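Quick notes on the structure that follows.
Everything quoted here is computed from the prediction, not taken from an experiment. Heavy-atom basis, side chains included; hydrogens, waters and symmetry copies ignored.
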Amino acid sequence: MEIRKTKQEEIDILLQIYAGAREFMARTGNPNQWCGGYPSREQLCRDIADGISYVAVEDGEIEATFVYFHGEDPTYRIIEDGSWLNDNPYGVIHRIASRGRVKGAGAQCILWGFAQCGNLRMDTHKDNKVMQHVLEKNGFVKCGRIYLADGRPRIAYQKSGIL
């Protein structure tokens, strides 16, 4: 699977992937994580323009998408009911979604992100049992609870080769 930066002309494909991901989450007990058409076309365009949007391509088809960046995420400054594994520089993955056609596509994106920095943080909704399983299966440790800018809580995870 090839992972590369997203092109602006691929925005409609990303919107389709996210729509499918919202349907999947609702069917698997997580109907509240990405409500109201999140992420929006505008958000995705910003991510692409900022150079932080990536796609995973298999046999010429986009199978997954995510945001990756290296640097501080403001929502990770405060963690409750636990602590981060370390305070070293880290990478972040957000908004990961797969078409569901290639088994393990999401895990491949996560492992790619970890390979970029060796110290990766992610978060997910308490009802997103599928993502919690994927993270824990791939060596992530549940570290505590963080809050998004709008105050919604998320379970915080980290995987580190740097301790």
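- Taking every heavy atom of both residues into account, Ser98 and Gly100 meet most closely at OG-N, 2.9 Å.
- Rounded to the nearest 0.5 Å, atoms CG (Leu44) and CD1 (Ile13) are 12.5 Å apart.
- At least one donor-acceptor pair closer than 3.5 Å links the side chain of Arg99 to the backbone N or O of Ile62.
- Judged by distance alone, with hydrogens and angles left aside, the side-chain atoms of Lys5 form no donor-acceptor pair with the main-chain N or O of Ile48 at under 3.5 Å.
- Separation of atoms SG (Cys35) and CE (Met25) is listed at 8.5 Å; rounding is to 0.5 Å.
- Remark: the backbone N or O of Tyr76 is paired with a side-chain donor or acceptor of Trp84 at under 3.5 angstrom.
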Can you check side chain to side chain contact (heavy atoms under 4.5 Å, CB included) on Asn30 and His125, steps first, answer last? CA-CA 8 Å; Asn30 183 22; His125 193 279; 3.5 Å; yes
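- A pairwise comparison of heavy atoms in Ala64 and Ile17 identifies N-CD1, 4.4 Å as the closest pair.
- Side chain to side chain, His94 and Asp73 meet the donor-acceptor criterion of an N or O pair below 3.5 Å.
- Residues Arg101 and Glu61 form a side-chain contact, since some pair of their non-hydrogen atoms from C-beta on lies under 4.5 Å apart.
- In this structure a side-chain-to-backbone donor-acceptor pair under 3.5 Å is missing from Gln132 to Thr124.
- Asp50 CG: more than 12 foreign heavy atoms inside a 6.0 Å radius.
- Rounded to the nearest 0.5 angstrom, Gln108 CD and Lys103 NZ are separated by 11.5 Å.
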Let me see the working for Leu85 and Cys143 under side chain to side chain contact (heavy atoms under 4.5 Å, CB included), right down to the final yes or no. CA-CA 7 Å; Leu85 298 177; Cys143 293; 4.1 Å; yes
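- A 4.5 Å side-chain heavy-atom check between Gln33 and Asp127 finds every atom pair outside the cut-off.
- Taking the side chain as every heavy atom from C-beta outward, Lys142 and Glu136 approach each other to under 4.5 Å.
- Counting only N and O atoms by type, the side chains of Arg95 and Tyr38 include a donor and acceptor under 3.5 Å apart.
- A donor-acceptor contact closer than 3.5 angstrom is absent between the side chains of Tyr90 and Glu72.
- In this structure, Val55 is not a member of the same hydrophobic cluster as Val67, with clusters built from ILVMFWY side-chain heavy atoms closer than 4.5 Å.
- Its side chain within the 4.5 Å cluster rule, Trp112 clusters with Ile3, Tyr54, Phe66, Tyr68, Ile93, Ile96, Ile110, Phe114, Leu120, Met122, Met131, Val134, Leu135, Phe140, Ile155, Tyr157 among the Ile, Leu, Val, Met, Phe, Trp and Tyr residues.
- A donor-acceptor pair shorter than 3.5 Å can be found between the side chains of Asp47 and Gln43.
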Step by step, would you call Ile78 with Ile146 a side chain to side chain contact (heavy atoms under 4.5 Å, CB included)? CA-CA 6 Å; Ile78 297 172; Ile146 59 98; over 6 Å; no
For a side chain to side chain contact (heavy atoms under 4.5 Å, CB included) check, start with the C-alpha distance between Asn88 and Ser160, then their side-chain angles and the critical distance, and finish with the verdict. CA-CA 9 Å; Asn88 296 321; Ser160 183; 5.5 Å; no
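- At least one side-chain heavy atom of Met1 sits less than 4.5 Å from a side-chain heavy atom of Val102.
- The two residues His70 and Cys117 make their nearest non-hydrogen contact at CD2-CB, 3.5 Å.
- When hydrophobic clusters are built by joining Ile, Leu, Val, Met, Phe, Trp and Tyr residues whose side-chain heavy atoms come closer than 4.5 Å, directly or via intermediates, Leu148 is grouped together with Phe69.
- Side-chain N or O atoms of Lys129 include one that pairs as donor or acceptor with a backbone N or O of Lys126 at under 3.5 Å.
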Salt bridge (Lys or Arg N to Asp or Glu O under 4.0 Å) evaluation trace for Glu10 with Arg4: CA-CA 12 Å; Glu10 296 168 329; Arg4 62 165 173 77; 2.5 Å; yes
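- Of the inter-residue distances, the one linking Glu80 atom CD with Arg145 atom CZ reads 5.0 Å to the nearest 0.5 angstrom.
- Hydrophobic clustering (ILVMFWY, side-chain heavy atoms < 4.5 Å, transitive): Trp34 and Leu14 are in one cluster.
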